[in-house]
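Since the structure comes first, as structure tokens, the remarks are kept for the end.
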Amino acid sequence: MDTSFVMILTIFALAVFVGFEVITKVPPILHTPLMSGSNAISGITLVGAIVASGSTTGPLAAVLGVTALVFATTNVVGGFLVTHRMLKKFKK
Amino acid sequence: MTFDFVNLAYLIAAVLFILGLKGLTHPRSAVRGNLYGAVAMLIAVVVTLVDQELLNLPVLIGGMAGGAAIGAVFALTIKMTAMPQLVGLFNGFGGGASVLVAAAALMQAVGIISGAGAGGLDLQISISTVLSAIIGAVTFTGSVVAFAKLQGLVTEQPVRYRGEQIVKILVGGLTVAVAVLVILDPADMSLFWVLAGIAGLLGLLLVVPIGGADMPIVIALLNSYSGLAAAATGFVLSNTILIISGSLVGASGIILTQIMCKAMNRSLANVLFGGMGAIPEKASTDDIYAGKTKSTNADEVAMILKIARRVVFVPGYGMAVARAQSAVRQLTEAMEADGITVEFGIHPVAGRMPGHMNVLLAEEAISYDKLKEMDQINPTFKNTDVTIVIGANDVVNPSAREAGGPISGMPILDVDQSRTVVVIKRSLSPGFAGIPNPLFTFDNTLMLFGDGKKAVDDLVQAYKEA
């Protein structure tokens with residue numbers, strides 16, 4: 001378990017650096033789409049919600065699972081769609 | 001073997017997420033970038049679904065279909081002016097989902113509910129569950145308050161009270177104490193919910209005192225938190241795609257927060273724990289401005305614009321409130337038809353979220369080439385014939401250049417260097433910083449009093465007739 005923890009900690013640290021490098025280059029003009037787009041990406045918790053609610057049984061799990069699924073999917077679908085709508089307006 | 005397949009798919013998704021964010025570095029590639037992100041999400045979700053034993057297929061399908069419908073309705077019906085509160089709300093959903101997923105995972109781990117993860121509790125899970133609960137709950141309630149403020153459901157004014165800092169410190173300390181208890185005794189689920197509740201209260205207390213003009217910073221910070229909450233959930237489930245995507249978003253939010261703080265010349269601590277807006281200034285502005293400001297009218301401004309070669313608009317949140325964007329576009333088109341160069345100077349904190357003004361102007365089909373950031377536009381003001389300030393105040397206040405004031409050191413748009421400055425404003429009332437603006441008394445400044453939309457509409461009319 002120790003190795004696996006260090007592994008995912010490594011992934012975390014490297015991902016933060018990649019994030020900093022990439023996002024620093026986003027111009028201010030696109031900061032709003034960046035926020036709504038990255039917001040949609042943070043809806044990745046959806047994957048966690050699927051894991052959590054797909055592998056459990058019982059009413060309690062179902063309530064938690066459904067709520068988490070609804071929240072996360074709203075975040076994902078709404079986020080990507082609204083970003084798309086917004087970005088299409090940026091024209092030369 | 002199945003396991004490897006899943007992680008491989010996650011790797012592809014992670015690469016697509018990064019390429020997607022890279023696409024956002026230019027308006028040309030941005031639409032494609034966003035699609036990459038959506039495809040990455042689809043891959044991650046489908047692979048996870050396929051990998052599951054699908055004990056609860058109706059629950060999964062029902063929950064996702066419901067969320068997709070809600071999200072789509074929000075995304076397709078929202079007005080561009082309401083973008084800050086929508087992003088705020090979505091942040092909250094992400095944070096809330098993280099808390100619930102962490103709860104479900106913890107219950108499995110301690111065996112309260114049966115499932116694949118049962119019996120696998122260790123320190124990594126308990127610590128990351130606690131982090132996920134705290135960050136997720138703070139994000140959830142903080143975002144709901146931010147949404148309510150931006151939507152006008154509660155006052156946008158900073159709500160400050162005696163002993164505010166002490167209350168925040170106490171609740172913060174209590175959060176940490178309960179967090180330690182949860183880590184020591186993860187099997188007691190009621191403790192977990194107490195923790196989520198107290199963290200939620202903390203989120204509430206942190207955002208309630210913050211006023212409208214500081215919202216860009218708060219929204220950016222909550223954006224970062226929603227990512228970090230997802231990353232923490234990734235540690236709970238030892239799931240790589242959650243960790244990678246979560247930290248990308250976390251980094252993005254932190255960068256935006258830094259940019260916003262720098263543009264206000266304030267530290268994050270100062271925004272969160274006090275300072276601006278603490279004491280609303282009640283001093284009568286009559287004495288400061290008396291007899292020193294020059295009022296103008298649409299006809300006079302139209303004449304000045306007619307002989308101009310270069311005009312710069314400086315929009316602020318007031319333009320969005322007055323919904324004057326479309327009138328501004330009409331005036332721009334009329335002037336460009338006469339060969340006048342028109343550009344827009346946009347301060348990083350103009351509006352209620354990072355990049356807010358750009359989206360509003362882009363919606364009016366104003367070319368993104370003309371939307372200039374502060375560092376690009378500032379050197380051009382001395383060659384500018386007319387600068388039209390509409391609905392902005394603090395970001396063009398020259399007193400920022402002098403020491404000792406509440407906005408000292410804040411980078412501003414040097415509009416006063418242009419030949420003529422026209423300030424469109426309802427009255428001489430101060431901006432968010434609560435201080436008078438000497439710009440209004442400058443020799444080259446003309447005040448065009450009135451509602452933003454009506455004033456520009458009149459200007460369009462007068463310009464066309466002139």
Side-chain angles (χ1 to χ4, degrees), chain A residues 1 5 8 11-12 15-16 19-20 22-23 25-26 28-32 34-39 41-45 47-58 60-62 64-84 86-87 89-90 92, chain B residues 21-22 24-25 27 30-31 34 37-38 41 44 48 52 55-56 59-60 63-64 66-68 70-72 74-75 87 90 93-94 96-98 100-101 104-105 113 115-116 124 223 226-227 230 233 237 240 242-245 247-249 251-252 255 354-355 358-359 362-363 367-368 371 373:
Chain A
M1 201 65 209
F5 174 69
I8 59 176
I11 292 172
F12 173 72
V16 170
F20 269 98
V22 175
I23 311 282
K25 299 194 177 72
V26 177
I29 176 174
L30 289 177
H31 276 170
T32 298
L34 168 66
M35 289 195 75
S36 62
S38 64
N39 183 232
I41 294 177
S42 78
I44 190 73
T45 313
V47 166
I50 295 172
V51 172
S53 63
S55 65
T56 57
T57 46
L60 183 59
L64 281 180
V66 169
T67 319
L69 284 169
V70 171
F71 273 12
T73 320
T74 304
N75 193 183
V76 167
V77 175
F80 281 120
L81 264 183
V82 85
T83 308
H84 185 72
M86 219 181 324
L87 286 172
K89 296 181 190 297
F90 281 86
K92 208 165 169 164
Chain B
L21 287 172
K22 238 176 120 62
L24 284 175
T25 49
V31 174
N34 187 51
M41 185 64 74
T48 312
Q52 290 293 311
L55 299 176
N56 285 336
V59 169
L60 284 173
M64 287 172 67
I70 300 171
F74 270 126
V87 171
F90 283 168
F93 283 158
S98 291
L100 298 172
V101 172
I113 51 181
Q124 178 194 329
N223 195 225
S226 74
T233 311
L237 302 169
T240 51
L242 255 85
I243 294 173
I244 295 173
S245 328
S247 32
L248 290 174
V249 179
S252 158
I255 291 174
N358 296 296
V359 173
E363 192 184 21
S367 164
Y368 59 75
L371 311 178
E373 44 192 286

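Residue numbering restarts at 1 for every chain, and letters A, B, ... go by the order of the sequence lines.
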Item to complete: Please examine the side chains of Val82(A) and Phe74(B), heavy atoms only from C-beta on, and report whether any two atoms are closer than 4.5 Å.
Response: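 Of all side-chain heavy-atom pairs linking Val82(A) with Phe74(B), none is under 4.5 Å.
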Worksheet item: Can you find a heavy atom in the side chain of Thr233(B) that is under 4.5 Å from one in the side chain of Ile44(A)?
Response: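 Thr233(B) vs Ile44(A): side chains apart.
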Could you check which of [options] has the highest count of heavy-atom pairs closer than 4.5 Å to chain B?
options	result
Thr67(A), Leu34(A), Ile41(A)	Ile41(A)
Gly79(A), Gly65(A), Gly43(A), Gly48(A)	Gly48(A)
Ile23(A), Val22(A), Val77(A), Val66(A)	Ile23(A)
Met86(A), Met35(A), Lys25(A), His84(A)	Met35(A)

Among [options], which residue forms the greatest number of heavy-atom pairs with chain A at distances under 4.5 Å?
options	value
Ala44(B), Pro27(B), Ala97(B)	Ala97(B)
Gly227(B), Ala68(B), Ala30(B), Ala230(B)	Ala68(B)
Leu100(B), Val249(B), Val101(B), Asn34(B)	Asn34(B)
Ile70(B), Thr240(B), Ile255(B)	Ile255(B)

Worksheet entry | Atom group of Leu30(A) that falls short of 4.5 Å from chain B, counting heavy atoms |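 For Leu30(A), side-chain heavy atoms alone lie under 4.5 Å from chain B.
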Item to complete: Against chain B, label Val76(A) side chain, backbone, both or neither, depending on which of its atoms sit under 4.5 Å from a heavy atom there.
Response: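 Only the side chain of Val76(A) comes within 4.5 Å of chain B.
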Between [X] and chain A, which part of the residue has a heavy atom less than 4.5 Å away: side chain, backbone, both or neither?
X	value
Met41(B)	side chain
Glu373(B)	side chain
Leu237(B)	side chain

Practice prompt. Locate the shortest heavy-atom distance separating Tyr368(B) from Lys92(A); write the atom from each residue and the value.
Written response: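 The pair with the smallest heavy-atom distance is CE2-N, 3.8 Å.
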Discussion item. Please give me the minimum heavy-atom distance between Asn75(A) and Ser42(A), naming the atom from each residue.
Written reply: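 The pair with the smallest heavy-atom distance is OD1-OG, 3.8 Å.
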Discussion item. Consider side chain to side chain contact (heavy atoms under 4.5 Å, CB included). Of Asn223(B), Val87(B), Val359(B), which one does Ser36(A) pass it with?
Written reply: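 Option passing the side chain to side chain contact (heavy atoms under 4.5 Å, CB included) with Ser36(A): Val87(B).
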Worksheet item: Thr32(A) and Asn358(B): side-chain donor and acceptor closer than 3.5 Å?
Response: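 No.
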Discussion item. Under the rule for ring pair (Phe, Tyr, Trp, His ring centres under 6.0 Å), what residues qualify as partners of Phe93(B), not counting sequence neighbours?
Written reply: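 By the ring pair (Phe, Tyr, Trp, His ring centres under 6.0 Å) rule, Phe93(B) matches Phe71(A).
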Practice prompt. Check ring pair (Phe, Tyr, Trp, His ring centres under 6.0 Å) between Phe12(A) and all other residues, then give those that pass, not counting sequence neighbours.
Written response: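 Result, ring pair (Phe, Tyr, Trp, His ring centres under 6.0 Å) vs Phe12(A): Phe235(B).
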Discussion item. As an exercise, state the distance from CG of Leu24(B) to OG1 of Thr83(A), rounded to the nearest 0.5 Å.
Written reply: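 It is 8.0 Å, given to the nearest 0.5 Å.
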